[in-house]
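These numbers were taken from a predicted model, which means no experiment stands behind them.
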Amino acid sequence: MGRQKPANAWREHVWLIRRDKDCRRRADSMIQRPISMTDTARPIRTRIAPSPTGDPHVGTAYIALINYCFAKKHGGELLLRIEDTDQARSTPQSEKAILDALKWLGLDWAEGPDVGGPHGPYRQSERSAIYTEHCEKLMADGHAFKCYCTAEKLSQMRKDQIARKKPPRYDGTCLSLTDVERSELDLQGVPHVVRMKIPESGTCEVQDTLRGKIEFEYAAVDMQVLMKSDGLPTYHLANVVDDHLMGITHVMRGEEWISSAPKHLLLYQYFGWEPPVLTHLPLLLNADKSKLSKRKNPTSILYYRRAGYLSEAMVNFLGLFIKSSGEEDEKTTLQALIDDFDVQHISLGGSVFDTSKLDWLNGRYMREDMDAAGFLERVREWALNDAYMMPIADMTQSRITKMSDLGGLTAMFFMNRIEGLTLERLRSGVKLDELQQRQAYTLALSQFDALLDWDKDGVDATLRATAAALDVKLKDMIRAFYLAVTGEAQGVPLFDAITHLGRDIMRERLRHAMELLGPATKKEVKAWEALLRESKSEG
RNA sequence: GGCCCCUUCGUCUAAGGGUUAGGACGCGGCCCUUUCACGGCUGAAAUACGGGUUCGAAGCCCGUAGGGGUCACCA
């Protein structure tokens, strides 16, 4: 026996085949019925559903690429939906950046907030009424209930449970409320959330394309909040409702969702809907094998663009994680990724996002796919254009006596990291002590990350606040930034330079400086950020 | 910690019970070359561990270890 690849007849149901152990077990559970890939009554529809709460992440692009390839290969369609139900963190800037980044990579979608479509709106914040309606149906059918517990009570409860070494779960207090009590509380205007009910016993079987059957005890599943007290749904409700309403047939998402799959399946069951085929994809990892994070790696797609990578190299690189290459050339095209796509070829272990192969690929694209004129054109698109050069002209014009001075003064605008920067150089002539210098970079970094709009005012405010928090003169601190950002002790106006360089390159240069000085531990970051908060509340 | 997932060179990966465990990046060496790249050749480098099953195990089963994910009115 052993692991077997499906014979041709099985190929149609390929995602039902267990990849590891008992490989031919079929999904026969009532709640998850297989859909045929060739079922013309239900064309393949996949989706990418980013949350606009930060920079466009390479992990998003990787998941998007998989959904795109799968849909394209089978003549289906990819949808883009914006999951912006977190009012506090979602921003239009982030949404725009994510759309731009995916377009830059050459991925496109048949329906989405920018192109519309028959199942819109495609922004969850604009679908409130739909969720309310569905949530009310769940309550009416006895599958969900209002919960009036306060956040304080809940966190205290969790603390107690953890202290008693019990799994932290909602204890069901509000489950026993009578209708009279509920209307009383509503009348008083006590805020509430809506939670889903979970069966008291039994197990949930999740059929995962790559892993086969995964079992969860309902007893260990929490009574998830479906509707927040602000009236907006949580991910779980919105996601299930939208996937159904938008006709999504295959959900391919990150592995971090496996443990909430039982809740989602339960919701499909409560609504009486057929769930999509679920595929959980391995995560992209930092070098230390933890989930890829911007603390440890550049994760923004915009960073890779600014650093001068070609979009086709980036797509190719991401494609390496989903294509079994055998002995073929690893340089490939998006079309080939689509043609060769087979979800079963995705290996289950998470992949370390090590960009050295991206560098190699990018070099090959530059020397093999374009002549000198074509290359020059790409360089123009990247930086040698008026939009990028104008601010540089503005900064340099009055500082040089002849145009040939330009090279030395502006080289840093055409670099990624400052190569050759040393610890000695970074410390030369800096009046701050080493600790203060590390604090300065760290605090600037965390404030830069939090900046909604990247502009000179924000940069200015950040550096001033940093100096204030460390109780050092701005002038003394500036030198440390000149060295980290430009590699030189002086040059064009710093704030303008930082603004022009952009958030991603700044992050990389400050990270570089911190590598030389000794990266801040989590504990240090926390303590230093407290310093900043204190100083801000005083000033 | 509970639950769940995972484990082939440093990294990305190939190998449907039988291969000297293959390729690629990176690293080293040699060649080409005015330099540096490119290119060519070449070297070192892996089946986490322990038990089974089998004529035969990287692969199947069990256990152990390690790593990861998740346990929010974030997604």
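- Heavy atoms of other residues, nucleotides or ligands lying less than 6.0 angstrom from NZ of Lys96(A) number 12 at most.
- Separating the CG atom of Leu285(A) from the P atom of U7(B) is a distance of 13 Å, rounded to the nearest angstrom.
- Between Ser351(A) and U13(B) there is a side-chain polar atom (N or O) within less than 4.0 angstrom of OP1 or OP2.
- Using a 4.0 Å heavy-atom cutoff across all strands shown, Phe216(A) reaches sugar-phosphate atoms only and no base atom.
- The heavy-atom pair separating Asp243(A) from Val251(A) by the smallest distance is OD2-CG2, 3.5 Å.
- Minimum atom distance to the side chain of Glu330(A) is reached by G23(B), of the listed G23(B), C5(B), U11(B).
- Base-pair partner of A15(B): not found among the strands shown (Watson-Crick or G-U wobble, both distances under 3.5 Å).
- Regarding Tyr218(A), its OH atom lies at a distance of 19 Å from the C1' atom of G2(B), rounded to whole Å.
- Rounded to a whole Å, the CD atom of Glu327(A) is 15 Å from the C1' atom of C25(B).
- Ionic pairing of Arg45(A) and Glu111(A) is present here: one or more N-O contacts between side-chain nitrogen and carboxylate oxygen are shorter than 4.0 angstrom.
- Distance noted for atom P between U13(B) and U34(B): 41 Å (whole Å).
- Between Lys289(A) and U11(B) there is a side-chain N or O to OP1 or OP2 distance below 4.0 Å.
- Going from atom CG of Leu320(A) over to atom C1' of U13(B) covers 8 Å, rounded to whole Å.
- A cation-pi arrangement is absent between Arg507(A) and Tyr303(A), since the terminal nitrogen or guanidinium carbon is not both under 6.0 Å from the aromatic centre and inside a 45° cone about the axis.
- Classification of the His264(A)-Tyr235(A) ring pair by plane angle, with boundaries at 30° and 60°, yields tilted.
- Under the Watson-Crick or G-U wobble criterion, with both distances below 3.5 Å, A48(B) is paired with U64(B).
- G10(B) and C27(B) are spaced 9 Å apart, taking the C1' atom of each and rounding to whole Å.
- Comparing Ile258(A) and Asp288(A) along RNA chain B, the residue whose closest nucleotide (by nearest heavy atom) sits nearer the 5' end is Ile258(A).
- Whole-Å rounding puts the Asp342(A) CG to A14(B) C1' distance at 14 Å.
- Rounded to whole Å, the P atom of U70(B) lies 29 Å from the corresponding atom of A15(B).
- Following rounding to the nearest Å, Gln344(A) (CD) and G16(B) (C1') show an atom-to-atom distance of 12 Å.
- Ring geometry for Tyr304(A) versus Tyr309(A): interplanar angle of 30 to 60°, hence tilted.
- Ring geometry for His192(A) versus Tyr148(A): interplanar angle of 30 to 60°, hence tilted.
- Considering only the side chain of Arg211(A), C5(B) comes nearest among G69(B), C25(B), C5(B).
- Note: CG (Asp208(A)) to P (C5(B)) measures 10 Å, nearest angstrom.
- Here the side chain of Leu348(A) is nearest to one of G69(B), C6(B), G26(B), namely C6(B).
- Nucleotide U34(B) is matched to nothing when pairs are restricted to Watson-Crick or G-U wobble geometry with both distances under 3.5 angstrom.
- On the P atoms, U7(B) is 15 Å away from C62(B), given to the nearest whole Å.
- As a whole-Å value, the separation of Tyr365(A) OH from C38(B) C1' is 18 Å.
- Aromatic ring orientation, Phe317(A) versus Phe321(A): perpendicular (interplanar angle above 60°, classes split at 30° and 60°).
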Which letters describe nucleotides 70-75 of chain B, given B = protein heavy atom under 4.0 Å from base, S = only from sugar-phosphate, - = neither? SSSBBB

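- The residue Glu255(A) sits close only to the backbone: its heavy atoms come under 4.0 Å of sugar-phosphate atoms, none of a base.
- For the P atoms, the distance from U42(B) to A48(B) is 28 Å, rounded to whole Å.
- Here Arg364(A) does not reach the OP1 or OP2 of C25(B): none of its side-chain N or O atoms lies under 4.0 Å away.
- The side chain of Lys357(A) lies closest to A24(B), out of A14(B), C5(B), A24(B).
- If you take atom C1' in A37(B) and the same atom in C32(B), they sit 13 Å apart, rounded to whole Å.
- More than 12 heavy atoms of other residues, nucleotides or ligands sit less than 6.0 Å from atom CZ of Phe414(A).
- Both distances falling under 3.5 Å, in either a Watson-Crick or a G-U wobble arrangement, occur for no nucleotide opposite A57(B).
- Comparing the P positions of G51(B) and A57(B) gives a spacing of 13 Å, expressed to the nearest Å.
- Comparing A58(B) with U20(B), their C1' atoms are spaced 16 Å from each other, to the whole Å.
- Glu200(A) CD: 12 or fewer foreign heavy atoms inside a 6.0 Å radius.
- Scanning atom types as modelled, no donor and acceptor separated by under 3.5 angstrom connect the side chain of Glu328(A) and the base of G23(B).
- C3(B) is paired with G69(B) under the Watson-Crick or G-U wobble criterion, all donor-acceptor distances under 3.5 Å.
- Taking a pair to require two hydrogen-bonding distances under 3.5 Å in either a Watson-Crick or a G-U wobble arrangement, C41(B) pairs with G29(B).
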